[in-house]
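Here's the structure, in structure tokens; my notes come after.
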Amino acid sequence: MLKIYNTLARDKQEFVSIEPNVVRMYVCGMTVYDYCHLGHARVMVVFDMVYRWFKASGYDITYVRNITDIDDKIIRRAAENNESIHSLTQKFVDAMHADADALGVTRPDHEPRATQYVPEMLEMIAKLEANGLAYLAADGDVNYAVRKFEGYGKLSGKSLEDLRAGERVEVTEGKNDPLDFVLWKHARDDEAEEVKWDSKWGRGRPGWHIECSAMGSKLLGEHFDIHGGGADLQFPHHENEIAQSEGAHQCSYVNYWMHNGFVRVDNEKMSKSLGNFFTIREVLKQYDAEVVRFFILRAHYRSPLNYSDAHLDDAKKALDRLYTALKSGSASDERVVDWNEAYAVRFKAAMDDDFNTAEAIAVLFELANDVNRSQSENAAAQLKALGAVLGLLERDPLVFLQGAGSDDAQIVGKIAARNAAKLAKNYAEADRIRKALLADGIVLEDSAAGTNWRRV
RNA sequence: GGUGCGUUAGCAAAUCGGUUAUGCCCCGGAUUGCAAAUCCGGUUAGCCCAGUUCGACUCUGGGACGCACCUCCA
């Protein structure tokens, strides 16, 4: 039985889908005005893992991850670059896809873009207005009247009184209450035509929060199972989504809210505003993408994850151990898990406990130890199959261990020379060659079957 | 100021009221021409102070420290 930590309940709860065997999941994706950093990688990898686990558990899951392709930052960046909004966003959507693909992230079933759902958003705003929850302000914006929605704050655990105490809420003239948020922004003269849509409230563009409410209900229905995203979206974004969706549809919006923890640098949240971020492509120049994926999944998704080269190096070595176990056995390419087998039972129990990949991966290491000891092909096949559930261990072990390099032929040549020296009992020469290779980061491993090599 | 989360061995990171987490590092042994890999064994824990309990890293209370949200952020 699967349990999920539900932010709404602040507790782990047994997962019961709305429709038997069917899961509908929405995850807040990227605002595409720059390259994705490791924080974005974590959301993508974590919810990809969730998606895969539901599938492995026999659910029919529909996964939606949106793309925000219209907002203040995009408009500003496009203006700076002197290019159109569309050309800017398309470029970064493509880059995001390339990064996600590299990390082994499955494409969601739908990737709706905000600009493609403006009519749905307008329809929703109209409903909110009809329900007395939205109003046209003097400045031309349409705002949400937060105090008219009972239960505002139930996700983030904030009361309207607490929020006021913060005194950090932007005061805008048009708002009836400083906590109200904008649903529709009136058009400004200095903005490009590309960012203006017609509406009954005048020309303008959508506020940030409304897109997720509109696209979620359009693609998954007014009430669906899971909504995810980074912990920083809990408030105000997800709180506002609830207010919009429940306010418009007059029914429950989402049953389980999942939030992943931050990636940190020097114990601080990695974020664009702090400028302490590493882009995915930057990191992938130095580390294998699977190492990065492994690094992310080795921690529980809700825990903070500190990023540093030392941690990535550690992850690389750990993953080496798993691949090394596979190398010796000739594990078949069949990746069918035997779920009755003892390690798989423990793996499943870990995953069913709020997607505890840290524990699941620990089981993988114990299984690897078993493979090394028993040299059992079945055990190796099981290790490979369980790894694949997490999107790991799917490559040829030798390809992974040897890594990418252009001097492979040279290495093979030197190994041949060393083997010749060994045959001639010229061990001094054999050791000299090995040491020379080691200096280049190449480790040789002799075995009855011949000499293997790998990069460290 | 309000709210929430966290503090586990050298590093990373889980579980659990009593039984080896796991990975990397380190030490010893087996193995090897020498190595590497592997196997066997070992060292190193639970921020502090109270309480509950036969027994607490695990539960309760208090404190310290750290992080996050309350503003765009995954």
Side-chain angles (χ1 to χ4, degrees), chain A residues 7 10 27-31 36-47 65 68 71-73 76 153 156-159 161-170 179 208 228-237 239 259-264 267-274 277 294-295 298-300 302-306 308 310-322 324-325 327-328 346 349-350 353 356-366 368-369 371-375 401 422 425-428 430-431 434-435 438 442-447 451-454 456:
Chain A
T7 306
R10 298 192 179 284
V27 173
C28 287
M30 262 47 78
T31 300
C36 292
H37 60 60
L38 238 39
H40 302 119
R42 191 175 193 190
V43 188
M44 293 196 283
V45 168
V46 160
F47 286 100
R65 188 184 65 212
T68 300
D71 96 317
D72 291 354
K73 286 179 176 170
R76 200 176 64 216
S156 54
K158 297 181 188 304
S159 70
E161 286 64 36
D162 292 343
L163 289 167
R164 210 172 7 181
E167 291 176 356
R168 296 178 70 177
V169 185
E170 181 191 0
L179 295 172
W208 174 36
D232 44 4
L233 297 184
Q234 217 173 110
F235 189 90
H237 185 54
E239 194 69 65
H259 293 97
N260 66 274
F262 301 128
V263 174
R264 297 183 185 173
N267 242 31
E268 246 186 355
K269 175 184 173 186
M270 178 183 290
S271 73
K272 290 191 182 174
S273 42
L274 283 171
F277 61 89
F294 177 81
F295 167 70
R298 198 159 58 136
H300 185 88
R302 283 189 282 114
S303 302
L305 180 61
N306 270 307
S308 75
H311 295 156
L312 267 289
D313 289 340
D314 187 82
K316 151 83 171 127
K317 283 181 184 170
L319 191 54
D320 276 351
R321 179 171 165 78
L322 293 179
T324 303
K327 184 186 65 177
S328 47
R346 289 173 55 206
D353 184 12
N356 192 341
T357 53
E359 180 67 24
I361 285 174
V363 172
L364 255 34
F365 279 100
E366 291 183 47
N369 180 257
V371 170
N372 287 331
R373 228 177 323 151
S374 66
Q375 293 296 307
L401 292 168
K422 271 175 66 182
K425 305 266 186 206
N426 184 355
Y427 293 121
D431 288 352
R434 196 225 310 285
K435 275 182 189 164
L438 185 60
I442 308 298
V443 171
L444 301 188
E445 295 176 358
D446 294 334
S447 76
T451 304
N452 281 324
W453 64 275
R454 65 189 168 91
V456 287

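Only a predicted model underlies this, so the values are computations on that prediction, with no experimental measurement involved. Chain identifiers are assigned alphabetically (A, B, ...) following the order of the sequence lines, protein sequences preceding nucleic acid strands; residue numbering begins at 1 within each chain.
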Query raised in the report: Between the base of rC70(B) and the side chain of K158(A), is there any donor-acceptor pair under 3.5 Å?
Result: no

Query - Nucleotide rC24(B), atom P - distance to CG of L312(A) in whole Å - result: 16 Å

**Report entry** C1' spacing across the pair rC65(B) / rC26(B), given as an integer number of angstrom
**Finding:** 30 Å

Requested in this report: Have a look at N260(A) and say if it touches a base, only the backbone sugar-phosphate, or nothing, with a 4.0 Å heavy-atom cut-off.
Outcome: base

Query raised in the report: Looking at rC40(B), rG23(B), rA74(B), which one has an atom nearest to any side-chain atom of R373(A)?
Result: rC40(B)

Report summary line: To the nearest angstrom, the CZ-C1' distance between R10(A) and rC69(B) comes to 10 Å

Restricting both atoms to N or O, compile the protein contacts to nucleotides 30-35 of chain B shorter than 3.5 Å, with distance only.
unit_1	atom_1	unit_2	atom_2	d
rG33(B)	O6	R418(A)	NH2	3.3
rG33(B)	N1	D431(A)	OD1	3.0
rG33(B)	N2	D431(A)	OD1	3.2
rG33(B)	N2	D431(A)	OD2	2.6
rC34(B)	O2	D431(A)	OD1	3.2
rC34(B)	O2	R434(A)	NH2	2.2
rC34(B)	N3	R434(A)	NH2	2.4
rC34(B)	N4	D446(A)	OD2	3.1
rA35(B)	N6	D446(A)	O	3.4
rA35(B)	N1	D446(A)	N	2.8
rA35(B)	N3	R434(A)	NH1	3.0

Requested in this report: Give the rounded distance in Å between these two atoms: CG of N267(A) and P of rA68(B).
Outcome: 8 Å

Query raised in the report: Would you write out the dot-bracket form of RNA chain B, 5' to 3', with Watson-Crick and G-U pairs under 3.5 Å, [ ] for crossing pairs, | for pairs to other strands and . for unpaired bases?
Result: (((((((..(((.....[...))).(((((.......)))))....(((((..]....))))))))))))....

Requested in this report: Examine rC72(B): is either OP1 or OP2 under 4.0 Å from a nitrogen or oxygen in the side chain of R76(A)? Give yes or no.
Outcome: no

Requested in this report: Would you mind classifying the nucleic acid contact of M44(A) as base, sugar-phosphate or nothing, using non-hydrogen atoms under 4.0 angstrom?
Outcome: nothing

**Report entry** Sidechain N-carboxylate O distance under 4.0 Å for K158(A), E239(A)
**Finding:** no

Requested in this report: Could you tell me whether R454(A) contacts a base, only the sugar-phosphate backbone, or nothing, with contacts defined as non-hydrogen atoms closer than 4.0 Å?
Outcome: sugar-phosphate

Query raised in the report: Given atom CD1 of I361(A) and atom C1' of rG23(B), what is their separation to the nearest angstrom?
Result: 10 Å

Requested in this report: List the protein contact pattern of nucleotides 7-21 of chain B with one symbol per nucleotide (5' to 3'): B for base contact, S for sugar-phosphate-only contact, - for none; contact means a heavy-atom distance under 4.0 Å.
Outcome: -----SSSS-----B

**Report entry** Interatomic distance where CZ belongs to F235(A) and P belongs to rC5(B) [whole Å]
**Finding:** 17 Å

Query raised in the report: Say you pick atom C1' in rU38(B) and the same atom in rU60(B); how far apart are they, in whole Å?
Result: 47 Å

Report task. Starting at atom NE2 of H237(A), determine the distance to atom P of rC70(B), rounded to an integer number of angstrom. Result -> 13 Å

Query raised in the report: G229(A) near the nucleic acid: base, sugar-phosphate alone, or nothing, with a heavy-atom cut-off under 4.0 Å?
Result: sugar-phosphate

Query raised in the report: Quantified in whole Å, what is the C1' atom distance between nucleotide rG4(B) and nucleotide rG41(B)?
Result: 45 Å

Query - Interatomic distance at C1', rA37(B) relative to rC24(B), whole Å - result: 16 Å

Report summary line: Rounded to whole Å, CG of D232(A) lies from P of rC70(B) at a distance of 8 Å

**Report entry** rA45(B) to rA9(B) separation - P atoms, rounded to the nearest Å
**Finding:** 9 Å

Query raised in the report: Looking across every strand, which nucleic acid part, if any, lies under 4.0 Å from V263(A) by heavy atom: base, sugar-phosphate, or nothing?
Result: base

Query - Any N369(A) side-chain N or O less than 4.0 Å from OP1/OP2 of rC40(B) - result: yes

Report task. Output yes when at least one side-chain N/O atom of R321(A) is less than 4.0 Å from OP1 or OP2 of rG23(B), else no. Result -> yes

Query - Separation of atom CZ in F262(A) from atom P in rG4(B), rounded to whole Å - result: 17 Å

Query raised in the report: In whole Å, what separates the C1' atom of rU15(B) from that of rU20(B)?
Result: 13 Å

Query raised in the report: For atom P, what is the distance between rU19(B) and rC72(B), given to the nearest Å?
Result: 49 Å

Query raised in the report: So what does G228(A) hit on the nucleic acid, given a heavy-atom distance under 4.0 Å: a base, only sugar-phosphate, or nothing?
Result: nothing

